[in-house]
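For reference, the structure discussed in these notes is given below.
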Amino acid sequence: MPAPARAPAPYPPGRASAPPLPVFVPSSAPPARQAPGTAYVVSQDRRNILRWTTEDHSWKVIGPAADEIFASPAGLFATNPGDGHISKYDEPSRSWSQIGFPGEQFVTTGDGLYAITEHRDAVVHWTGVGSDWVSIGSPAARLYAGGAGLFATSPDNGALFRYAGYGSTWVDAGGPGADFAVGPDYVARISPDGKEIWQGNGRGSNWRRIGGPATRLYAGGAGLFATDAAGRILKYVGAAGSWTTIGRAGVTLAVTGNAVYRIAADGRAVSRWTGQGSEWVPLGATASAIAATD
């Protein structure tokens, strides 16, 4: 992505990060339709991108070598393992086109694709047109995205901020954490010492303790999930302190509106949670990275 001019100093708590930038007009083209229950993986050898759907229950190669992949209604995106450039998949033509240069981190949610620039000097948003990106904020340590919106942590003190959705306006959304996850209408965090899980509303306020300890958090329409030091995957069942074990933790999880996918630690096999107990269905592939959509 083009490197924007250096953004203002990190956003202070409770204030906008900088005077608003002009609001860009997103592309009028509708997002590419995704098949219901779609998982994407980078093969374990990183040579291919593959797609699996609940419609045909099989894997098909749809892309070349990749490092990371990202999926949402905005589309399917992948980073090149050689130079870090990011590309977007076009389903009708079954082709990939480069839309940006390397970034420190990419996230996608809804119809938006966001990144921390390679030099970590700004948060930027892809306009949906060509390789055009706009700066929407000053330096950030990490980005977290989900149905409730886009959040970033300060590189100074780890505090959480929520993007207001226009210009470069960010607002205070809570204190630091060891990890965060953004759900449909809430945001969750692990305390810095890893001993507690807290949940706030979609604006990052009214935080309350709901569990812990934990090592990672994952969220989506299917629920809020955590992994712990004992190697378990835990699902939050809606009451403070109430979590149930649904399986063994692996390399990572991908959570959608109605499904949970896992890359296992042993052999990196991909599986899908049945929604019942700790039953997982093998999907017949191994992977180094995973993304999924409904």
Side-chain angles (χ1 to χ4, degrees), residues 1 26-27 29-44 46 48-81 84-100 103 105-116 125-128 142-151 181-184 217-223 225 250-263 268 270-273 283 285-294:
M1 70 199 68
S27 169
R33 180 184 177 274
Q34 305 290 348
T38 306
Y40 305 92
V41 300
V42 177
S43 60
Q44 191 170 356
R46 299 183 185 273
N48 298 108
I49 300 171
L50 300 95
R51 177 176 62 194
W52 177 93
T53 73
T54 53
E55 295 179 335
D56 54 26
H57 296 275
S58 64
W59 293 96
K60 295 180 179 178
V61 175
I62 62 169
D67 192 7
E68 296 183 285
I69 50 175
F70 314 90
S72 78
L76 176 65
F77 307 89
T79 56
N80 187 303
H85 290 182
I86 187 164
S87 298
K88 183 179 186 296
Y89 181 59
D90 179 67
E91 177 65 36
S93 65
R94 298 183 181 180
S95 64
W96 293 80
S97 58
Q98 183 181 314
I99 61 169
Q105 182 194 5
F106 293 95
V107 297
T108 185
T109 182
D111 60 358
L113 174 67
Y114 307 89
I116 298 174
H125 183 185
W126 182 50
T127 66
R142 295 291 296 174
L143 297 178
Y144 299 88
L150 176 68
F151 293 77
V182 182
L217 290 176
Y218 304 87
F225 302 84
V251 175
T252 191
L253 299 179
V255 181
T256 70
N258 56 25
V260 183
Y261 300 87
R262 174 184 63 186
I263 298 178
R268 293 181 176 262
V270 179
S271 57
R272 189 173 192 257
W273 185 44
L283 299 186
T286 57
S288 61
I290 189 168
T293 60
D294 289 326

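The basis for the numbers below is simple: all heavy atoms, side chains too, and nothing from hydrogens, waters or symmetry mates.
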Item to check | Derivation of the side chain to side chain contact (heavy atoms under 4.5 Å, CB included) call for W52 and T54 | outcome: CA-CA 7 Å; W52 177 93; T54 53; 3.7 Å; yes
Checklist entry - When you look at N80 and S87, which way does the side chain to side chain contact (heavy atoms under 4.5 Å, CB included) test go after all the steps? => result CA-CA 8 Å; N80 187 303; S87 298; over 6 Å; no
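With sequence neighbours left out, Y218 forms a ring-ring contact (aromatic ring centres under 6.0 Å, His included) with no residue at all. Checked against side-chain contact (heavy atoms from CB on, under 4.5 Å), T79 has the following partners two or more places apart in sequence or in another chain: D67, E68, F70, I86, F106.
Counting heavy atoms from C-beta on, the side chains of F151 and L143 never come closer than 4.5 Å. Side-chain atoms of I62 and Y40, non-hydrogen and from C-beta on, do get closer than 4.5 Å to each other. In this structure, the side chains of D111 and P73 stay at 4.5 Å or more apart for every pair of heavy atoms.
In this structure, the side chain of N48 does not engage the main chain of V61 through any donor-acceptor pair within 3.5 Å. A distance-only check finds a donor-acceptor pair linking the side chain of W59 to the backbone of L283 [under 3.5 Å]. Using modelled atom types, no side-chain atom of N258 and backbone atom of G221 make a donor-acceptor pair closer than 3.5 Å. A donor-acceptor contact shorter than 3.5 Å is absent between the side chain of S288 and the backbone of R46. Of the possible donor and acceptor atoms, one in the side chain of T109 sits under 3.5 Å from a partner among the backbone N and O of G146. Judged by distance alone, with hydrogens and angles left aside, the side-chain atoms of T286 form no donor-acceptor pair with the main-chain N or O of Q44 at under 3.5 Å.
Ring geometry for W96 versus Y89: interplanar angle of 30 to 60°, hence tilted.
Closest approach of V182 and A145 over heavy atoms only: CB-C, 3.7 Å.
Among L76, I99, L113, the one residue that satisfies the side chain to side chain contact (heavy atoms under 4.5 Å, CB included) test with K88 is I99.
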